[in-house]
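One structure is given below, encoded as structure tokens.
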Protein chains: 2
Amino acid sequence: MFDSSTTCEELSHPLWNRETTPGSLADLLQGFEPRRRLLKPKSHVFRAGQAAGSVFLVNSGIFKTCLATSDGRERITGFRLRGDLMGMESLGQEVHSSDAVALATGEVWEYTRQQLSAAGPQVQQRLANELASEIRRDWRWMLDIGSLCAEKRVVAFLLDLGARLQAMGFSGRHLSLHMTRSEIGNFLALQLETVVRAMSRLQLLGLIAVDGREIELRDTVGLSRMLSVSPSERLRAA
Amino acid sequence: MFDSSTTCEELSHPLWNRETTPGSLADLLQGFEPRRRLLKPKSHVFRAGQAAGSVFLVNSGIFKTCLATSDGRERITGFRLRGDLMGMESLGQEVHSSDAVALATGEVWEYTRQQLSAAGPQVQQRLANELASEIRRDWRWMLDIGSLCAEKRVVAFLLDLGARLQAMGFSGRHLSLHMTRSEIGNFLALQLETVVRAMSRLQLLGLIAVDGREIELRDTVGLSRMLSVSPSERLRAA
DNA sequence: CGAATTGTTGATACGTCTCAAAAATAGTGG
DNA sequence: CCACTATTTTTGAGACGTATCAACAATTCG
């Protein structure tokens, strides 16, 4: 078990609050002042059914986007970190079709439809690229969820989150999941108990260290190796 | 069993071959002559790794788009009909990240990067909307695959295909799946045997009639009703 | 501090996968 | 057109992984 005094420290880490532009989209939009919204945990950035048009750039914190059906089913479509865009999937729609909820205190920058269209073709282009990369991300998760067993899905999830945090300047080894086991399971199409069991086993194998929502990736190469499927499984999704 | 003389008739149905523009994208692009490519069954429109840039509008036939990993896993990301776009997910990428394969003889219209950018902001806008709607579609399938049992997934698949064909002017009752059970299973994250069993049972229940790849939706309301989850299952994905 | 939420582990049930074998269908070349 | 092969579809039996249910511990929150 690693030092648990780091619990929830990352949110107050200076990098999370730096005022530099996180992605090239904000670079392109300099001159257009976004509306800045500070979000408390569990508060909504937007809800399905609300008027759409703006896109929200995550500046700090961590958010989830979810889809719900009339018959009560619900699905988390992604966890969004600094630099990620939310709300673009409603482009061309009158209203949002999904929710965006803060998992921790954070800030989003809202760019209105007007700002985006006034910003010129370069921004349009950039936005289309972001949409395309969201599709590639989604397809990748559809692939993983369809062809990996529970344990491997959890590994893929942890490695993905670690890599994204690392790309933001963090260690990538120590991550604090700000979401519940249930939310992880929902995203990975697993029950929360299955997520718990997978993590327990990964800890037993010495690959990770679990302390509540603080996870240490003890052996990233070992974790990555887990993802290369065994010969018997190679045929599964083929 | 319904009259099997309709087998494969739909592909030669006049509607499939009409020369009118199928979607509003082609409307907007009038004046820009696309390169028309006739595809034989099993031939590729494009492959992962090939130079990207063009988008392909399905004019006739039916296609699948698939994603593959280095470790041999493979996943069909969607089945594309007349009016659907393929290749947009590679926007902003040097090369394609997925494959597009014809399941039957069909035609695609290729619009090059140059044509698209020369066509003006309206087309860019429209393209972005298409990307957004692909994301919503993907999210919807991720939700269904994560929260529906095998049988319901198959029902959702059949109803979706039926509705799309109906929107194209077909009956929506008689559909010829031009894909194998294995491909359906791959898309729905199921084994082909499970797809077969689901269809057999649906036939037993009198909801559909199966004759090879020809399916008749005998009771669309009954099928739809199946999708409204039982109270016990309501809690599953929550 | 109590109350609600979240996390953990166990025992069991159930759905889907896996393996196998055969039938049906499609594709190929003589 | 037929014979021949390869592919696809179908059904069965059993194994396996994950869901489900339950109980309790740990944590968070008002």
Establish, with yes or no, whether the OP1 or OP2 oxygen of D:dT11 is under 4.0 angstrom from a side-chain nitrogen or oxygen of B:Ser200.
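B:Ser200 to D:dT11 OP1/OP2: side-chain N or O found under 4.0 Å.
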Does B:Arg213 have a side-chain nitrogen or oxygen under 4.0 Å from the phosphate oxygens OP1 or OP2 of D:dT9?
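Answer is yes, contact under 4.0 Å.
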Within this structure, what is the [atom1]-to-[atom2] distance between [X] and [N], rounded to whole angstrom?
| X | N | atom1 | atom2 | value |
| --- | --- | --- | --- | --- |
| B:Leu188 | C:dT16 | CG | P | 12 Å |
| A:Arg181 | D:dA25 | CZ | C1' | 14 Å |
| B:Asp211 | C:dA24 | CG | P | 13 Å |
| A:Asn186 | D:dA19 | CG | C1' | 15 Å |
| A:Leu177 | C:dT6 | CG | C1' | 13 Å |
| A:Arg201 | C:dT8 | CZ | C1' | 17 Å |
| A:Leu192 | D:dA19 | CG | C1' | 11 Å |
| B:Lys40 | C:dG27 | NZ | C1' | 15 Å |

Indicate whether any N or O donor in one side chain lies under 3.5 Å from an N or O acceptor in the other, for B:Glu89 and B:Ser97.
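There is no such pair between these side chains.
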Exercise: do A:His178 and A:Ser176 side chains pair donor with acceptor under 3.5 Å:
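A:Ser176 and A:His178 do have a side-chain donor-acceptor pair below 3.5 Å.
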Who passes ring pair (Phe, Tyr, Trp, His ring centres under 6.0 Å) against B:Phe187, sequence neighbours left out?
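Partners of B:Phe187 by the ring pair (Phe, Tyr, Trp, His ring centres under 6.0 Å) criterion, ordered by chain and then number, come out as B:Phe79, B:Trp141.
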Go through the structure and list residues passing side-chain contact (heavy atoms from CB on, under 4.5 Å) with B:Thr65, not counting sequence neighbours.
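For B:Thr65 the side-chain contact (heavy atoms from CB on, under 4.5 Å) partners, ignoring immediate neighbours, are A:Trp139, B:Thr77, B:Arg80, B:Met86, B:Ala100.
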Give me the bend of the helix from C:dC1-D:dG30 to C:dG30-D:dC1, using the axes of the five pairs at each end, rounded to 10°.
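Nearest ten degrees gives 60° for this helix.
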Any A:Val58 side-chain heavy atom under 4.5 Å of A:Leu81 side chain
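No, their side chains stay 4.5 Å or more apart.
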Across nucleotides 13-18 of chain D, 5' to 3', mark each nucleotide with B, S or - according to how protein heavy atoms within less than 4.0 Å reach it.
B----S
Listed by chain and number, what are the salt bridge (Lys or Arg N to Asp or Glu O under 4.0 Å) partners of B:Arg35, not counting sequence neighbours?
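Listed in chain order: B:Glu110.
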Taking the basic N atoms (NZ, or NE/NH1/NH2) and the acidic carboxylate oxygens, is any pair closer than 4.0 Å for B:Arg37 and B:Glu107?
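No, no charged N to carboxylate O under 4.0 Å.
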Any ion pair linking B:Asp144 and A:Arg75 (charged N to carboxylate O, less than 4.0 Å)?
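Here A:Arg75 does not pair with B:Asp144 in a salt bridge, since their nearest N and O are not under 4.0 Å apart.
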Return the set of residues passing side-chain hydrogen bond (donor to acceptor under 3.5 Å, both in side chains) with B:Arg136 (not counting sequence neighbours), or none when no residue passes.
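Listed in chain order: A:Gln93.
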From C:dT9, C:dT6, C:dC19, nucleotide with atom closest to B:Glu193 side chain
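Minimum distance to the B:Glu193 side chain belongs to C:dC19.
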